[in-house]
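Worksheet: one structure, shown below.
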Amino acid sequence: MDLYEYQGKELFRRFGIPVSEGRLATTPEEAEAAAQELDGQVVVKAQVLTGGRGKAGGVKLADDPLDAEAKAGDILGLDIRGHVVRKVWVEQASDIAKEYYLSLTFDRGEKKPLYMLTTEGGVDIEEVAATKPEALARLHVDPLEGFQPWQARRLIYGAGIEDPSEQKQILAIIGRLYDCFVSSDALLCEINPLIVTPDGEVKALDSKVTVDDNALYKHQDIADMRDPEAYPPEERAAREKGVTYVKLDGEVGILGNGAGLVMSTLDVIALAGGRPANFCDLGGGGDAQGVVDALEVITADPQVRAIFFNIFGGITRGDEVARGILQALGQMTIEHPIVVRLDGTNAEEGRRLLAEAAPANLHVEPTMLDAARRAVELAR
Ligand code: GDP
Ligand code: MN
């Protein structure tokens, strides 16, 4: 789960990482009132779950409350790479002398958290990594030993930060970022830019925090930060129904049982010359309610032109799945063509049940490849 900048900053604040004071606003009037309360120059920032807001015109300085109102009016409603701005964060503006970059992420290859620090902040970190790799100090933390203060010093020297006051402040921030990362079960905590003001004060001017979805049950406060409006309706429905759903951008909706089978189904659709619109994993079950839930989610995606049901009966028997499908189709009306491939335990009985009772838009194919070809053809 990705957090908005203002939510990430709230986490940072809790862990003692310095951030500026600010207010959330959903209308230009609220932005004006926020600027009034904050007093002085403010920065109005689009709150969207994507980066590069500055370049897209989503971050603007405002000299007074009326200016803040006008800037909020410019930014609210803006489309930043497909994300429409519905909230702005109005924050006390900072003077910037230097822009650094600090992040802590999970390095899956090394199975360890990885720090990255560079004085070349503000811009895309990928660009720094590509053009000036020597400027990027990197350091892994052994998760069993935990973070050690000497590691922060090594990072700071590695990045070439020489001012003793900056060193001291960044040392503290590096340690607190580790606490924040571990305590929140984060996968990423990024500060870009980490600024130094002309007075020598170091603070986080931006935040990018991703928390592990699988750990949200431990963090009700963070789970509550999820903004349902930031997701398309079918993703919302999937989460509510507990359906495993992934959105893709083709035209064949895919339903399978088990992650492995679903993955190969995506490949077979590609082999047949089509593109998956999304996929749902029914898991071990194939009961009618599970099928109804998955079909509701899949058909809510406007890109779906045909549905491919790929089921292998293992513990779940083919006849049960067939009954589930028929029961589901009895409960809901589906206009899309549906292609079913059923194999494994009691598959023959399942196919017979479908052939006897299925509506005209349901097609049963004997093999996975035949079914994929049919689904791709029907999606044209
Ligand atoms: P991003 O573009 O989505 O990464 O958004 P950021 O929060 O990083 O803001 C983009 C840029 O706006 C920063 O790199 C700063 O240069 C600038 N900026 C943001 N806040 C302030 C501020 O308080 N004062 C000044 N002078 N510039 C700011
Ligand atoms: Mn940034």
Side-chain angles (χ1 to χ4, degrees), residues 2-13 17-25 31 34-65 67-68 70-72 74-105 115-129 132 135-136 159 170 173 177 180 186 188-210 227 230:
D2 294 330
L3 304 191
Y4 286 110
E5 174 197 4
Y6 78 94
Q7 297 171 328
K9 281 180 167 170
E10 166 60 24
L11 272 193
F12 287 175
R13 200 185 52 75
I17 296 167
V19 290
S20 300
E21 209 194 322
R23 306 268 186 282
L24 196 66
Q36 199 91 51
E37 277 180 50
L38 293 168
D39 204 28
Q41 201 187 35
V42 294
V43 56
V44 182
K45 311 182 75 177
Q47 297 300 294
V48 280
L49 297 177
T50 181
R53 296 163 301 160
K55 279 184 206 154
V59 177
K60 289 189 167 139
L61 287 165
D63 290 324
D64 54 53
D67 194 17
K71 298 285 160 58
D74 293 343
I75 296 173
L76 286 163
L78 205 69
D79 186 313
I80 303 183
R81 277 181 299 284
H83 300 255
V84 177
V85 183
R86 290 176 296 100
K87 291 183 266 192
V88 290
W89 176 243
V90 183
E91 174 178 286
Q92 260 163 4
S94 307
D95 287 329
I96 304 176
K98 300 174 192 166
E99 292 190 307
Y100 296 168
Y101 170 101
L102 172 66
S103 70
L104 184 54
T105 177
Y115 274 113
M116 287 191 270
L117 175 64
T118 174
T119 55
E120 307 273 330
V123 290
D124 289 341
I125 195 61
E126 289 79 8
E127 201 180 307
V128 179
K132 267 186 117 179
L136 191 63
I170 296 172
I173 292 172
L177 198 65
C180 178
L188 170 71
C189 286
E190 183 187 77
I191 309 176
N192 188 26
L194 176 71
I195 62 154
V196 185
T197 68
D199 298 338
E201 190 194 341
V202 179
K203 63 181 169 186
L205 211 64
D206 190 7
S207 86
K208 192 171 173 197
V209 175
T210 306
D227 174 11

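Counting convention: from 1, in listed order, for ligands and their atoms alike. Numbering of residues begins at 1 and proceeds along the displayed sequence.
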Note: ligand 1 atoms sitting under 4.0 Å from heavy atoms of Arg53 are 1 (P), 2 (O), 3 (O), 5 (O), 6 (P), 7 (O)

Out of all atoms in ligand 1, which are within 4.0 Å of some heavy atom of Asn192? Include the element for each.
8 (O)

Answer with yes or no whether the side chains of Ser20 and Lys203 bring together a donor and an acceptor at under 3.5 Å.
yes

Just to be sure I'm reading this right: ignoring hydrogens, which of Gly121, Ala93, Pro193, Ser94 gets closest to atom 26 (N) of ligand 1? Compare them by their nearest heavy atoms.
Ser94

Atom 2 (O) of ligand 1: of Ser207, Gly54, Gly22, Ser20, the nearest heavy atom sits on Gly54

Heavy-atom neighbours of Lys60 NZ exceed 12 at 6.0 Å:
yes

Kindly give the heavy-atom pair with the smallest separation between [X] and [Y], and that separation in Å.
X     : Y      : answer
Ala93 : Leu61  : CB-CD2, 3.8 Å
Ala34 : Arg23  : CB-CB, 3.6 Å
Ser94 : Leu205 : OG-CD1, 3.4 Å
Ile80 : Thr50  : O-CG2, 3.8 Å

What residue and heavy atom of the protein are closest to [atom], and at what distance?
atom                    : answer
atom 6 (P) of ligand 1  : Asp206 OD2, 3.4 Å
atom 27 (N) of ligand 1 : Ile96 CD1, 3.4 Å
atom 15 (C) of ligand 1 : Glu99 OE2, 3.3 Å
atom 20 (N) of ligand 1 : Leu205 CD2, 3.3 Å
atom 9 (O) of ligand 1  : Val59 CG2, 3.9 Å

With a heavy-atom distance limit of 4.0 Å, tell me whether Asp95 approaches ligand 1 through its side chain, its backbone, both, or neither.
neither

Region of Lys45 that comes within reach of ligand 1 [heavy atoms, distance under 4.0 Å]
side chain

Would you say atom 22 (C) of ligand 1 has a protein heavy atom nearer than 4.0 Å?
yes

What verdict does the side chain to side chain donor-acceptor pair (under 3.5 Å) test give for Thr210 and Asp2, after you've listed the backbone C-alpha separation in whole Å, the side-chain angles of each residue and the deciding distance to 0.1 Å?
CA-CA 4 Å; Thr210 306; Asp2 294 330; 2.9 Å; yes

Name whichever N, O or S atom of Asp206 ends up nearest to the Mn ion (ligand 2).
OD2

Polar side-chain atom of Ser207 near backbone of Glu5 as donor-acceptor pair, under 3.5 Å
yes

Under 3.5 Å: donor-acceptor pair, side chain of Gln47, backbone of Tyr6
yes

